[in-house]
Structure formats: C-alpha cells, structure tokens
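These notes concern the structure reproduced below.
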Amino acid sequence: MTTLSVSEAVASRRSIRAFTDQAVPLQTLRSVLDKARMAPSGCNFQPWEATVLTGEPLKALQTRLLATPPDNPQEYDFSAPGSLPHYRQRLIDVGAAMYTAKGIAREDKAARDDFSRRNLISFDAPVLLLCHFPKLMKEPQWSDVGMWLQTIMLLLREEGLDSCPQEVMGMYGRTIKDQLGLGEDIMLFCGLAIGWRDNSDPVNTFLRDRVPLDQHVRFEGF
C-alpha cells in the first residue's frame, strides 16, 4: 500500500489504457471493495452490485465480446451530451490527445478501430469489475453507484493500482448479462478495468484538459 493523501489519489487517478500483466491479489480487491461499502447512499439503499472477473472467466467473456456486435437497441444511452457542441468538443479534444499519444493518425481508420476494440479486452487489465443493479433503480441510485465507483477508484490508488471505467460495456449489456447469468431485470451499467499501469506507454501520460472551476461552479454569499 502506498501513502497517498486524498488529494494525491484524486490527482493521480486517470483512465488507464495500457496495463501490465501483473496479477491483482484477491485479498487486495476484497479489502478495497469492503472499504468502498461506506460510499454515500441515499436512503441507505446501497444499490450497487458487481461481478469481478479474472483468469479464464474473463477471457471467456472477452472472446465472446470480440465476436458479438453491440446491443441494438442499447439499454441506455451514455452519449447524449455529444449532441451539444461544447460537450462534443470535449470528447473530440480528449480523443485527439489520446490518439496522438498512441501515434495514430486521424485518417488511419484501421488503427483507430483496432485501438477502440481494445476496450473489449479492457486494455489487457488482469481484472474486470462489471457493475450492475436492478432496473428499478432510478436516477438518484445511479448517482449513488457513481459515487461507489469513484470511491473504489480512489481506494485502488491507495493500493498503487489503477483503473479504467468502461461505459463501453453498457453497449454489450445483454451479452454480458447472459454470460454472467443475470436476468433481464438487471441493468449492466459499466465495467471497471483494474490492474497496474504500464508507465512505458504514452497513452497513460497524455495531458487531460478540464474546464476551469469558475466555468462550472458559481459561488454566492461569500
């Protein structure tokens, strides 16, 4: 375990897209997930649920995902903000920074598609947490699940581990639920790739832009 302040954990957390093959101990995962149970939860519903895969079960799922098209229709839409220009520009900017770091030209569609498909093998992370919950959960509970996932990601940093939240898994929700034996009353929300970052890969070091504080927070009465 490393000694990190909360501020250091927040600053050093990023979506890792190249992992080493070093295994993650089950005891470490259990400790992180046990601590994360104390994440905020409206009405104490604790709506979050997950299945954590490694080894052969993970490989079996990845093989199936690579051979299966996305859900049509998808069970929920995470891309809607892209319909507004300023949100779409943020997506374009981070994508450009990422592909530039990988040395992939804008016109190289084949290389872009190949890198995009690496989402389906979670960028070689040795562990994949699949987050799901009953479909009866509404917007407030989805928010709680997000806080639970953020808590996990920060606790992973405390252990020297890294992660990549993967909304792409929601695009294959029905396939994943079938693979995991989950019913249609369950929402497959996202994945969380977990492992040790590969510091030699530039995709893990490109600069990520964030909107200035005063552009999205207003202070009154101070």
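Note that the coordinates shown come from a computational prediction; the quantities given were computed from them, not determined experimentally.
Side-chain contacts under 4.5 Å among hydrophobic residues (ILVMFWY), followed directly or transitively, place I16 together with F19, V94, M98, Y99, I104, F115, F123, V203, F206. Side-chain heavy-atom separations under 4.5 angstrom define the hydrophobic clusters, and the remaining members of the one that includes V10 are V6, L154. Through direct or indirect side-chain contacts shorter than 4.5 Å among Ile, Leu, Val, Met, Phe, Trp and Tyr, V217 is connected to L213, F219, F222.
When all heavy atoms of L4 and S12 are compared, the pair lying nearest together is CD1-OG, 4.3 Å. Among all heavy-atom pairs drawn from A101 and P202, the shortest one is O-CG, 3.2 Å. Annotation for L58 and P126: closest pair CD2-O, 3.6 Å, computed over non-hydrogen atoms.
With M169 as the fixed residue, the side chain to side chain contact (heavy atoms under 4.5 Å, CB included) test singles out one of Q166, E167, M171: Q166.
Judged by distance alone, the side chain of K177 and the main-chain N or O of I186 form a donor-acceptor pair under 3.5 Å. A distance-only check finds a donor-acceptor pair linking the side chain of S83 to the backbone of A80 [under 3.5 Å]. A donor-acceptor contact shorter than 3.5 Å is absent between the side chain of N204 and the backbone of N199. Proximity of a side-chain donor or acceptor of D144 to a complementary backbone N or O of S41 within less than 3.5 Å is not detected. Looking at E8, its side chain does come within 3.5 Å of a backbone N or O of S5 through a donor-acceptor pair. Remark: side-chain polar atoms of S122 are not paired, donor with acceptor, to backbone N or O of A193 under 3.5 angstrom. Formation of a donor-acceptor pair under 3.5 Å by the D77 side chain with backbone atoms of S79 is found in this model. S116 contributes no side-chain N or O that, together with a main-chain N or O of R112, makes up a donor-acceptor pair within less than 3.5 Å.
Listed by first and then second residue, the side-chain hydrogen bond (donor to acceptor under 3.5 Å, both in side chains) pairs involving residues 180-196 amount to none (not counting sequence neighbours). Among pairs with a residue in residues 39-61, those fulfilling ring pair (Phe, Tyr, Trp, His ring centres under 6.0 Å) read W48-W148, at least two apart in sequence or across chains.
At a threshold of 4.0 Å, the pair D162-R14 does not count as salt-bridged, since none of the basic side-chain nitrogens sits closer than that to a carboxylate oxygen. Ion pairing between D209 and R90 fails under the 4.0 Å rule for side-chain N and carboxylate O.
Other residues, nucleotides and ligands place no more than 12 heavy atoms under 6.0 Å from the CZ atom of R88. Atom CG of L136 has more than 12 neighbouring heavy atoms from other residues, nucleotides or ligands inside a 6.0 Å radius. The environment of CZ in R208 is crowded: more than 12 heavy-atom neighbours from other residues, nucleotides or ligands sit within 6.0 Å. Within 6.0 Å of NZ on K135 lie more than 12 heavy atoms contributed by other residues, nucleotides or ligands.
In this structure, V52 and L130 have side chains that are not in contact, with every pair of non-hydrogen atoms separated by 4.5 Å or more. Side-chain contact check for I152 versus V32: some heavy-atom pair is nearer than 4.5 Å. P165 places none of its side-chain heavy atoms less than 4.5 Å from the side chain of L149.
In this view, Y172 satisfies the ring-ring contact (aromatic ring centres under 6.0 Å, His included) rule with no residue, not counting sequence neighbours.
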Q.
Apply salt bridge (Lys or Arg N to Asp or Glu O under 4.0 Å) to residues E159 and R157 and explain how you reach the verdict.
A. CA-CA 5 Å; E159 298 288 345; R157 291 301 303 126; over 6 Å; no
Q. R17 and D201: salt bridge (Lys or Arg N to Asp or Glu O under 4.0 Å), yes or no, with the steps?
A. CA-CA 9 Å; R17 295 180 176 87; D201 196 311; over 6 Å; no
Q: For D178 and R64, run salt bridge (Lys or Arg N to Asp or Glu O under 4.0 Å): C-alpha distance rounded to whole Å, both residues' side-chain angles, the deciding distance at 0.1 Å, then the answer.
A: CA-CA 11 Å; D178 183 69; R64 184 170 178 182; 2.7 Å; yes
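Residues L61 and L66 share a single hydrophobic cluster, defined by chaining ILVMFWY side chains whose heavy atoms lie under 4.5 Å apart.
Side-chain contact of Q46 with N44: a donor-acceptor pair under 3.5 Å is present, judged by distance alone.
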